[in-house]
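Please read these numbers as outputs of a predicted model, since none were measured by experiment. So that the names make sense, note that chain A is the first sequence line, chain B the second, and so on, each numbered from 1.
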Number of protein chains: 2
Amino acid sequence: MFNLNNKNATPLYQQLFLQIRDQIVSGELPAHFKLPSIRDMAMELAISRNTVEAAFQELFAEGYIYSKSRSGYFVSYIDQELASSSRTDHPQQDLHPKLVERYQYDFHPARLDPEVFPASLWRKCLIDSLRSSTGDFSQYSEPQGEWGLRCNLQFYLERSRGVHCSPTQILICSGLQHGLEIVAQLIKGRHESVAVENPGYHLPRDVFRNHGFDVIPVDVGAGGLNLKTLRSTSSTVAYITPSHQMPLGHVMPVANRLELISWSKTGNKLIIEDDYDSELRYIGRPISSLQGLYSEGNIIYQGTFSKVFSPALRLSYMVLPHALLNDYHRLFQNHFCQVPVIIQRAMINFMERGHWEQHIRRSRNFYKKKHEIMLQAIDEYFGRKANVIGLGAGLHIVLELTEGLSDELKFVERAKQKGVRLLPFSQFYISGAFENNKLLLGFGGMGINEIPKGIETLATLIH
Amino acid sequence: MFNLNNKNATPLYQQLFLQIRDQIVSGELPAHFKLPSIRDMAMELAISRNTVEAAFQELFAEGYIYSKSRSGYFVSYIDQELASSSRTDHPQQDLHPKLVERYQYDFHPARLDPEVFPASLWRKCLIDSLRSSTGDFSQYSEPQGEWGLRCNLQFYLERSRGVHCSPTQILICSGLQHGLEIVAQLIKGRHESVAVENPGYHLPRDVFRNHGFDVIPVDVGAGGLNLKTLRSTSSTVAYITPSHQMPLGHVMPVANRLELISWSKTGNKLIIEDDYDSELRYIGRPISSLQGLYSEGNIIYQGTFSKVFSPALRLSYMVLPHALLNDYHRLFQNHFCQVPVIIQRAMINFMERGHWEQHIRRSRNFYKKKHEIMLQAIDEYFGRKANVIGLGAGLHIVLELTEGLSDELKFVERAKQKGVRLLPFSQFYISGAFENNKLLLGFGGMGINEIPKGIETLATLIH
């Protein structure tokens with residue numbers, strides 16, 4: 001039976017979830033066993049139906065139970081031997097990677113607010129796309145992605161980001177990673193190393209390393225990538241986030257952009273511009289893209305629906321320079337587009353009906369408020385003990401502490417004990433270098449009321 | 001205005017489609033111009049509404065026009081300059097790859113029948129997945145794919161294909177190509193060349209070549225891959241389709257499978273088993289997978305939803321051997337799953353509600369009938385002039401002509417003139433070698449009434 005405790009810090013539904021889960025993993029509840037109804041269980045345990053339902057939904061979402069319409073929930077089949085062995089060998093993670101703790105204050109930067117997701121509009125667009133695509137389920141689709149989506153993107157990118165291209169240069173991808181995989185294959189043989197921002201996003205480093213490239217760190221200053229350092233390296237490719245440097249948040253000024261472009265003009269150079277969240281700018285006007293400054297040049301432009309719309313959708317795009325199109329066609333002519341047609345068509349509907357621009361405006365206002373609350377809370381609880389860098393855009397800021405931490409990882413662990421999730425800043429460094437005075441604080445997924453409390457908790461931990 | 005001719009071989013709707021398209025591309029119909037209503041246009045041109053609607057749907061599907069609910073169709077924005085310049089440089093194809101001819105008899109093997117697609121069940125599952133996943137649109141999902149989908153696949157593969165694995169070994173991918181990209185990165189450095197069936201599927205060759213592997217052709221006999229040839233090569237990796245050799249259709253007998261497994265046991269060998277359409281077997285019992293014969297060995301098992309369900313969904317899976325799991329986690333730990341969560345959840349619903357098994361049974365019966373009609377038609381129109389090889393399974397057969405063609409490509413071109421689409425068999429050969437007596441005939445997407453007529457047309461062309 002279950003042992004639920006109202007006074008426990010863990011919410012009731014989670015206690016119930018954990019206990020049922022353990023019984024499933026241990027085999028106490030066998031595969032295909034029918035769980036009691038929500039109503040019966042609520043009565044028996046003298047808790048609310050909502051609590052039971054929340055636990056069941058969690059079990060369902062994580063695959064421990066499955067549902068049959070009109071007959072309730074059943075225990076999923078789970079390999080007991082493996083489940084128990086992997087528990088001892090690699091506790092939890094190996095069996096089921098989603099079994100991570102829930103945090104009270106989650107400052108992870110890759111989270112959006114479910115409230116801002118336009119669920120009903122999107123559902124409508126998807127259902128319409130399903131209705132109009134039935135015949136298309138039986139065949140492969142266009143390798144570069146749906147023409148209609150590329151036309152819409154071309155139009156959008158031109159107006160909002162100053163990107164100048166034709167739909168024939170656009171590739172629909174399933175995320176930055178997928179786009180970079182294609183780039184890596186395209187440029188292999190002609191380039192040997194890729195310069196990346198340090199600190200910077202880990203994913204491009206991983207992808208290029210996996211493809212055998214040398215990854216060369218270049219330091220970042222207030223003007224973005226340090227161009228002097230870049231020139232001193234032998235690298236002929238630069239991967240950058242000029243509109244909102246990840247993670248420091250700097251915007252590369254136009255002068256530097258022009259200098260970077262002039263670098264790219266000597267020799268066989270290539271710039272990969274990752275414009276991942278430029279839609280979210282709260283202060284000042286957005287700077288147009290690098291690509292737009294020199295659209296005839298060797299610049300690959302990457303954009304995504306993950307940051308401002310949904311990371312679960314796996315939808316992104318890439319604009320290839322004309323110079324790479326022939327190679328792209330040669331290497332990938334027989335490949336298929338990796339994004340489901342119905343998702344692409346749903347996005348065409350979404351954009352053509354004007355929902356996309358509306359969603360961006362709405363998201364910008366929504367996250368702008370969180371951003372303000374974040375800055376206020378930091379001012380209140382940290383005062384002079386910290387500066388904020390990289391503010392004014394995106395879904396995270398960086399807190400620079402005037403007094404350093406003695407051990408970053410220990411601090412992250414201590415924060416965890418208090419229900420605060422932090423991504424260690426040192427993970428952004430190519431060497432994993434120890435960083436003792438910076439905290440990356442994502443606010444996208446935090447509730448408006450959670451932000452001040454989270455910052456307060458953090459401040460208490462530091463002082 | 002439009003110039004439609006009833007006596008023209010091109011259907012009326014297509015004439016209308018082409019003429020409107022040209023006016024859009026030339027700019028004669030400007031962006032955001034409202035098209036007349038279907039009713040008005042039908043009256044004006046004295047044709048049926050269905051014809052106008054078909055033309056509009058085609059224009060819509062290809063992105064030339066967009067719709068606003070309750071106000072009709074409008075011309076999409078298209079870059080005129082580019083549209084016209086690319087027209088002269090690379091006629092059609094470069095502007096919009098989908099502008100390919102429609103064939104009366106399309107024997108391309110990668111086509112399914114829209115009729116067998118369970119549109120309403122799938123829509124229901126997808127809508128339910130949307131409803132239950134709203135909160136999950138705001139975060140990234142499990143890198144290996146949804147746990148629930150992996151559990152369902154594990155269960156299904158065990159029962160239907162004898163694959164023995166745990167859900168922790170399963171990766172959800174967006175098609176064979178994506179799965180092979182991961183494999184290529186996993187085995188890079190430890191393997192230098194990959195042996196492939198010749199004739200065989202082009203995609204694995206492309207992927208491994210793009211990743212810098214040598215691709216070594218191995219001939220194929222009635223027992224599948226020639227194991228003697230394989231042993232004579234230096235290759236340590238073999239990519240094979242043992243349950244239904246692509247394209248010849250041979251099934252590798254168990255004795256050969258065991259011999260292949262024994263090959264894999266010496267040295268650091270790896271087998272990649274592509275089990276792409278084993279669900280569709282019409283004669284005899286399916287042979288269980290290679291993986292199931294030696295599940296503790298170095299066998300990567302690849303399966304897909306593209307052949308028996310929908311190629312437009314971009315959903316496939318791969319079972320990694322235990323020996324590769326650590327490397328997989330090391331290389332891809334920070335990567336994201338490329339398949340949208342809602343698609344995965346919809347498939348969980350579809351499988352858990354029993355629709356998947358039902359769909360397989362239905363598809364098998366459905367295509368079995370087409371397969372029979374195909375064989376009858378060949379018997380009737382070719383008689384002794386051709387043998388069928390690789391029959392009894394899948395969505396295509398191979399016709400072996402007793403008297404060879406003088407020029408395959410010219411014949412394919414002649415067939416095209418008669419409205420018959422053929423994929424040149426020589427494309428399956430690694431060298432593109434000329435093949436003069438084999439025709440690959442896909443029947444998945446052909447209507448039951450079209451098959452005999454298509455075969456008759458083909459027979460007329462040959463004799």
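Counting heavy atoms from C-beta on, the side chains of B:His178 and A:His178 never come closer than 4.5 Å. In this structure the side chain of B:His335 reaches within 4.5 angstrom of the side chain of A:Asn210, judged on heavy atoms. Taking the side chain as every heavy atom from C-beta outward, A:Phe336 and B:Leu203 approach each other to under 4.5 Å.
Neither the backbone nor the side chain of B:Val116 comes within less than 4.5 Å of any heavy atom of chain A. Only the side chain of B:Glu181 comes within contact range of chain A, judged by heavy atoms closer than 4.5 Å. Using a 4.5 Å cut-off between heavy atoms, B:Ser67 touches chain A through its backbone atoms (N, CA, C, O) alone. For chain A, the nearby part of B:Asp113 is the backbone; its heavy atoms alone come within less than 4.5 Å. Heavy atoms closer than 4.5 Å to chain A are found nowhere in B:Phe74, neither backbone nor side chain. Contacts of B:Ile127 with chain A are made by side-chain atoms alone, with heavy-atom separations under 4.5 Å and no backbone atom involved. Proximity to chain B (any heavy atom under 4.5 Å) is shown, for A:Leu315, by neither the backbone nor the side chain. Of the two parts of A:Phe137, the backbone and the side chain both hold a non-hydrogen atom closer than 4.5 Å to a non-hydrogen atom of chain B. Looking at B:Leu313, both its backbone and its side chain come within 4.5 Å of chain A, counting heavy atoms on both sides. Contact annotation for A:Lys307: only side-chain heavy atoms (C-beta onward) come within less than 4.5 Å of a heavy atom of chain B. Proximity to chain A (any heavy atom under 4.5 Å) is shown, for B:Leu149, by neither the backbone nor the side chain. In this structure, chain A has heavy atoms under 4.5 Å from both the backbone and the side chain of B:His211.
Although no hydrogens or angles enter the test, the distance criterion places a donor-acceptor pair under 3.5 Å between the side chain of A:Arg314 and the main chain of B:Cys337.
Counting heavy-atom pairs closer than 4.5 Å to chain B, the top-ranked of the candidates A:Ile343, A:Leu186, A:Asn152, A:Asp206 is A:Ile343. In terms of non-hydrogen atom pairs under 4.5 Å with chain A, the most contact-rich of B:Pro311, B:Ala119, B:Ser310 is B:Pro311. Of the listed residues B:Arg123, B:His108, B:His202, the one with more heavy-atom pairs under 4.5 angstrom with chain A than any other is B:His202.
One finds the CG atom of B:Leu126 at 5.0 Å from the CG atom of A:Leu126 (value rounded to the nearest 0.5 Å). Note that CD1 of B:Ile342 is 7.0 Å distant from CD1 of A:Ile342, once rounded to the nearest 0.5 Å.
For B:Glu158, the CD atom sits in a packed shell: over 12 heavy atoms of surrounding residues, nucleotides or ligands are nearer than 6.0 Å.
Separation of the B:His32 and A:Phe155 ring centroids falls under the 6.0 Å cut-off.
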